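Some notes on the structure that comes next.
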Amino acid sequence: MATSNIDKQSFGQAGATFESGTSPVAGEFCAILIVADAVFTALTWAEQDGDDMSTGTVTFPAGITIYGQITAFELASGQVLAYKAA
């Protein structure tokens with residue numbers, strides 16, 4: 001059986017970017033794994049509805065994964081591994 005693009009993405013076969021700084025990061029990402037508790041100052045996520053979680057007030061705990069069509073983010077603190085979309 002062939003492996004689908006979503007399976008490849010979720011296992012990082014399209015690559016990933018580790019980020020621990022506070023500079024803006026742009027690209028096409030399918031998931032962000034929180035490595036160390038993280039706070040975002042910016043999070044561009046096409047499927048996000050409702051409250052903006054990137055106002056610097058929400059702390060995402062380590063071990064959480066955010067899935068979606070994420071095109072940019074910026075950290076206030078923490079460490080993440082952003083999986084590239086295939």
Side-chain angles (χ1 to χ4, degrees):
M1 173 168 49
T3 305
S4 70
N5 277 349
I6 193 67
D7 289 335
K8 289 178 182 178
Q9 290 173 155
S10 64
F11 291 109
Q13 291 183 356
T17 299
F18 177 79
E19 184 61 48
S20 61
T22 56
S23 297
V25 178
E28 293 186 27
F29 304 101
C30 61
I32 296 180
L33 170 65
I34 310 301
V35 176
D37 291 0
V39 176
F40 291 90
T41 53
L43 180 62
T44 305
W45 178 12
E47 297 90 359
Q48 180 180 349
D49 285 337
D51 293 338
D52 183 2
M53 297 179 293
S54 62
T55 59
T57 58
V58 176
T59 299
F60 291 85
I64 296 294
T65 302
I66 302 168
Y67 295 97
Q69 296 175 21
I70 300 161
T71 55
F73 65 90
E74 184 176 344
L75 292 172
S77 63
Q79 298 176 340
V80 301
L81 187 60
Y83 291 93
K84 296 178 182 179

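The shown structure was predicted, so the numbers you read here are calculated from the model rather than taken from an experiment.
- In terms of the side-chain contact (heavy atoms from CB on, under 4.5 Å) criterion, residue partners of Thr59 (sequence neighbours excluded) are, by chain and number, Asp37, Val39.
- Pairing each heavy atom of Val35 with each of Leu81, the nearest pair is CG2-N, 3.9 Å.
- Using a 4.5 Å cut-off on side-chain heavy atoms (C-beta onward), Val80 and Phe40 make contact.
- In this structure, Ile66 CD1 and Phe60 CZ are separated by 4.0 Å, a value rounded to the nearest 0.5 Å.
- Taking CD from Gln69 and OG1 from Thr44, the interatomic distance works out to 12.5 Å, rounded to the nearest 0.5 Å.
- Expressed to the nearest 0.5 Å, how far CD of Glu74 lies from CG of Leu43 amounts to 11.0 Å.
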Give the table of side-chain donor-acceptor pairs shorter than 3.5 Å for residues 14-33, with sequence neighbours excluded, one pair per line with atom names and distance.
| residue | atom | partner | partner atom | Å |
| --- | --- | --- | --- | --- |
| Glu19 | OE2 | Gly21 | N | 3.0 |

